[in-house]
Amino acid sequence: MPIANKNFVRSTAILLLIGMLALVAIVGTSIWLVEQTQHHFDEVIEARQARSATVDLRSALQDIETSQRGYILTQEERYLEPYQAARGTVMERYERLRTILLPYPQATEPMERLLEGINLKVAEIDETIDLVRQGNVAAAVEIVRTDRGKQIMDEARELFTAIIRAADERLDTGAERQRETANWLRLTTLLGALVILAVVGTAVWMALRYTRELLDAREEVKELNAGLEQRIAERTEDLVRANEEVQRFAYIVTHDLRAPLVNIMGFTSELDSTMKTIQTYVLADGDPLSEQEITDARLAASEDLPEAIGFIRSSTRKMDALINAILKISRDGRRPLKPERIDLKELIEANANTMQHQVADSEGRIDVDVAVPPILSDRLSLEQIIGNLLDNAVKYRAPDRPIEIDVSARKMNGRQIVIDVKDNGRGIAEQDHQRVFDLFRRSGTQDKPGEGIGLAHVRTLVRNLGGDITLESEFGRGTTFRVTLPEKLPTVQRSA
């Protein structure tokens, strides 16, 4: 169904609105999801920083403790190198961890206890180192044996473990939330893309269809308006040709109808003479008749009278057949056409199948090659055209070879189709190429029944459909009938 201008504008506006709403929804959702992803990413980074700072602080305290014990055992200054390297960074690392954990109030009290423990541990280590340097190793060992430093480190390790465990949980949770957000973002993008593609695709399809209809309408108008003078000349030529055909038809009709009338008049005169001879014999008033008069009367009654009546009857039958043929063509010419969608290949194959038994009797064949889309035309007219042409091909086949019939159809420029019906029959002499389309005219040997109205009828049907029919033939080698028809009958009716 063609798209109206108003419907096209309304549909386009609706599609644009849907596309805009979809785009706004996609952009808004994408921005929100990106913000969520950034938030989760910041949490992951913060957790990693807290974990890293905790590990660094724990490592520094462990280095100080290890360095202390090595120095107490060996009294060698080289064991104090880790202590000296870590001693100055412990508080810096503590401050870094405390700053990271400031947003979490629950970490304030543990961090204060950790600071107290770190101060006590560092003070203990400094004290033991000073005692060893003073040569009082036993006092330093005694301080270590009190386990006060071990308790401090155990509490610090528990706190470090808790912070690392919490950071790991936050890392896992943040990573999972990032993955979920990414999946939602991917799904939103995909669904939005599908909606936009659907909207754009529908809009493009409607635009292309509307444009194609406009182009088709413009092309149709262009075809109708192009070459107006040429079409007028063609119409004039058609009128001249139609006038000539009317004159020729009038001549043929009057000639063919006059011939039986002349025969009837002639045999009526002969019948009158015969009746006079018989009356002489029958109405004799007692006068004796001569032998010759009796013989003439008997001959007139037995031969001349039946012969005259027979000729009169055959002439009237011929006149009746001619009049019926004229009426048939007249009725078909005035029959209203009913355009409908027709699969031409199916129609031709159906008509060919009705001829297969006759073709098979001569070991012949019928090939159908139709490569055209469905057309809009009058089915009854097409069936009669194809049926008549196939019937002629079978009827006038060459007796010395099997029947070969090729039916093909192709599309031409200007929205027309061409149907060729080619046979290998008797062929038609060149001087009869036009004559065979005249009413009551036949070509070649008259050994087949018929009145000579088949091709005249076909031409009438073809021209009623807005087409034309021609033939190419060589006597003794076969004939090709070419039917040219429009693809759409209503177009022809409008232009006509």
Using a 4.5 Å cut-off on heavy atoms from C-beta on, say whether the side chain of [Y] contacts that of [X].
X      : Y      : result
Tyr396 : Asp423 : no
Leu382 : Ile342 : yes
Arg51  : Val55  : yes
Phe475 : Ile428 : no
Val418 : Arg482 : yes
Arg477 : Asn424 : no
Ser377 : Glu487 : no
Val394 : Ile405 : yes

Measuring from atom [atom1] of [X] to atom [atom2] of [Y], what distance do you get when rounded to the nearest 0.5 angstrom?
X      : Y      : atom1 : atom2 : value
Leu465 : Ile375 : CG    : CD1   : 8.5 Å
Asp378 : Leu485 : CG    : CG    : 11.0 Å
Thr460 : Gln384 : OG1   : CD    : 11.0 Å
Ser381 : Leu461 : OG    : CG    : 5.0 Å
Ile100 : Arg96  : CD1   : CZ    : 5.0 Å
Ile419 : Ser408 : CD1   : OG    : 9.0 Å

Sequence neighbours excluded, which residues qualify as side-chain hydrogen bond (donor to acceptor under 3.5 Å, both in side chains) partners of [X]?
X      : answer
Ser473 : Thr479
Glu176 : Arg179
Asp343 : none
Thr54  : none

Contacts of type side chain to side chain contact (heavy atoms under 4.5 Å, CB included), residue Thr173, not counting sequence neighbours: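 Counting only residues at least two positions away or on another chain, Thr173 forms a side chain to side chain contact (heavy atoms under 4.5 Å, CB included) with Arg177.
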Set of residues satisfying side chain to side chain contact (heavy atoms under 4.5 Å, CB included) with respect to Trp184, sequence neighbours excluded: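 For Trp184, the residues satisfying side chain to side chain contact (heavy atoms under 4.5 Å, CB included) (neighbours in sequence not counted) are Leu33, Leu187.
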Salt bridge present between Lys422 and Glu404 (N-O < 4.0 angstrom):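 The answer is no: the pair does not qualify as a salt bridge.
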SB check Asp468 Arg463 (cutoff 4.0 Å):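 So Asp468 pairs with Arg463 through a salt bridge.
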Where at least one partner belongs to residues 351-360, residue pairs that pass side-chain hydrogen bond (donor to acceptor under 3.5 Å, both in side chains), sequence neighbours excluded: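 As it turns out, there is no side-chain hydrogen bond (donor to acceptor under 3.5 Å, both in side chains) pair with a partner in residues 351-360 once direct neighbours are skipped.
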All salt bridge (charged side-chain N to carboxylate O under 4.0 Å, His left out) counterparts of [X], not counting sequence neighbours:
X      : value
Arg379 : Glu340
Lys345 : none
Asp367 : Arg365
Arg410 : Asp420

Qualifying residue for side-chain contact (heavy atoms from CB on, under 4.5 Å) with Val421, from Ile385, Asn392, Thr480, Leu389: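 Answer to the side-chain contact (heavy atoms from CB on, under 4.5 Å) test with Val421 among Ile385, Asn392, Thr480, Leu389: Leu389.
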Chi angles and distances behind the side-chain contact (heavy atoms from CB on, under 4.5 Å) call for Val483, Val458: CA-CA 10 Å; Val483 178; Val458 167; 5.6 Å; no
Nearest heavy-atom neighbours spanning Glu363 and Pro402: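 Heavy atoms of Glu363 and Pro402 come nearest at O-CB, 3.5 Å.
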Gly425 backbone acceptor or donor facing Arg401 side chain under 3.5 Å: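 Here the side-chain-to-backbone pair exists.
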Heavy atoms from other residues, nucleotides or ligands near CZ of Arg48 exceed 12 (cutoff 6.0 Å):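 Atom CZ in Arg48 is not crowded, with 12 or fewer foreign heavy atoms closer than 6.0 Å.
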